2 protein chains.
Amino acid sequence: MPNTKVLPLLDPAAGGSAAAPCCPPLTERPLDAGEAETAARMFKALGDPVRLRLFSAVASHEGGEACVCDISDVGVSQPTVSHHLKKLREAGLLTSERRGTWVYYRVEPSVLAAMGQILTGRPAAAA
Amino acid sequence: MPNTKVLPLLDPAAGGSAAAPCCPPLTERPLDAGEAETAARMFKALGDPVRLRLFSAVASHEGGEACVCDISDVGVSQPTVSHHLKKLREAGLLTSERRGTWVYYRVEPSVLAAMGQILTGRPAAAA
DNA sequence: GGTCTATGTCGACCGCCGTCGAAGCAGATG
DNA sequence: CATCTGCTTCGACGGCGGTCGACATAGACC
């Protein structure tokens with residue numbers, strides 16, 4: 001099971017895969033403890049340079065997905081790459097799927113839009 | 001000197017305080033090491049629940065600024081609040097100014113727009 | 001089955017970071 | 001000057017987390 005545990009960062013009650021942020025925009029009102037905990041998990045996942053490069057590599061790869069072997073050249077050992085990809089998966093930012101010999105990662109739809117909306121307060125365009 | 005060191009997260013060569021992101025959108029191309037280092041600093045600063053609450057409290061406060069005493073009720077000691085506000089300052093997300101007895105914090109203009117653009121790829125509206 | 005490649009997991013090391021109490025500093029006020 | 005309040009800095013503690021080498025696992029292929 002490649003996807004061990006995906007945290008519920010998006011409100012599933014919003015129907016389909018629409019961007020439903022976990023929290024109001026930061027400028028709307030002070031976040032409470034629970035909202036802050038949830039949102040901080042997402043930002044924290046992108047708060048490491050290696051993870052940010054891996055995420056960007058997947059997000060910008062043709063077809064919207066990338067094999068681990070395509071993105072492993074970030075200057076750290078292979079176990080470390082695997083470790084960071086797991087963190088991104090657990091944060092709900094990436095999903096993974098094994099196809100034959102290789103494992104492909106892709107960006108969880110609507111996560112980018114949701115995070116953008118928390119920051120800017122603007123509903124992001126449909127992905 | 002309240003502002004000990006503000007990291008240059010925005011490109012000052014863009015004229016004025018316009019939103020000039022340090023990096024291309026994550027979906028455009030893989031970030032290089034330097035870009036990832038810079039962008040990760042911003043996300044990391046918001047990757048702590050206490051810091052996120054403090055930032056949100058300042059960002060949503062009337063007048064766009066808040067005294068430390070207005071936002072200190074986040075469940076940690078006052079030195080810890082000060083520590084986190086310093087981190088947010090050093091990350092370039094907040095500025096501070098002493099006026100008489102109190103110290104006021106405000107959100108660095110265009111930072112929210114810049115981060116949003118990195119995520120969504122869309123130029124954010126003027127704040 | 002045996003082996004080879006691609007990933008993930010384990011265990012250990014170590015530095016970073018969030019936390020606190022105590023002390024220091026800056027203005028205000030008397 | 002003395003003192004009080006608001007905030008920052010200091011020093012210490014403890015745990016989280018990034019990193020690696022070694023090992024385990026999953027398919028592919030012979």
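Labels below follow one simple rule: chain letters A, B, ... track the order of the sequence lines, proteins then strands, and each chain is numbered from 1. The model shown is predicted, which means the values in this text are computed figures rather than measured ones.
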- Task: Look at the side chain of A:C67 and decide which nucleotide, out of C:dT7, D:dG18, D:dT8, has an atom nearest to it.
- Result: C:dT7
- Task: Identify which nucleotide among D:dC7, D:dT19, C:dG8 has an atom closest to any side-chain atom of A:S82, counting heavy atoms from C-beta outward.
- Result: C:dG8
- Query: Any side-chain N or O of B:K86 less than 4.0 Å from the OP1 or OP2 oxygen of D:dC7?
  - Reply: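 Indeed not, no polar side-chain atom of B:K86 lies that close.
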- Query: Any side-chain N or O of B:H84 under 4.0 Å from OP1/OP2 of C:dT19?
  - Reply: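 The answer is yes; a side-chain N or O of B:H84 sits under 4.0 Å from OP1 or OP2.
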To the nearest angstrom, how far is [X] atom [atom1] from [N] atom [atom2]?
| X | N | atom1 | atom2 | answer |
| --- | --- | --- | --- | --- |
| A:E37 | D:dC16 | CD | C1' | 14 Å |
| B:D48 | C:dT19 | CG | C1' | 11 Å |
| A:Y105 | C:dA6 | OH | P | 16 Å |
| A:R53 | D:dT19 | CZ | C1' | 16 Å |
| B:K44 | C:dG18 | NZ | C1' | 12 Å |
| A:D70 | C:dA6 | CG | C1' | 12 Å |
| A:L85 | C:dA6 | CG | P | 16 Å |
| A:L54 | D:dT19 | CG | P | 10 Å |

- More than 12 heavy atoms from other groups under 6.0 Å of CG on A:D32: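 Result for CG/A:D32: enclosed.
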- Separation of A:C22 SG from A:L31 CG (nearest 0.5 Å):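 Atom-to-atom, A:L31:CG and A:C22:SG are 8.0 Å apart.
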- Between protein and nucleotides 20-29 of chain C, map the contacts as a letter string: B base, S sugar-phosphate only, - none, heavy atoms under 4.0 Å, written 5' to 3'. BBB---BSS-
Do you know which two heavy atoms are closest between [X] and [Y], and how far apart they sit?
| X | Y | answer |
| --- | --- | --- |
| B:T27 | A:L112 | CG2-CD1, 3.8 Å |
| B:G64 | B:R106 | O-CB, 3.3 Å |
| B:W102 | B:C67 | CD1-SG, 3.4 Å |

- A:V58 and side-chain contact (heavy atoms from CB on, under 4.5 Å): which partner among A:T95, A:L93, A:L94? A:L94
- Message: Please classify the nucleic acid contact of B:Y104 as base, sugar-phosphate, or nothing, using heavy-atom distances under 4.0 Å.
- Response: nothing
- Task: Taking the six-membered ring of A:Y105 (Phe, Tyr or Trp), confirm whether the NZ or CZ of A:R89 is under 6.0 Å from its centre and within 45° of its axis.
- Result: no
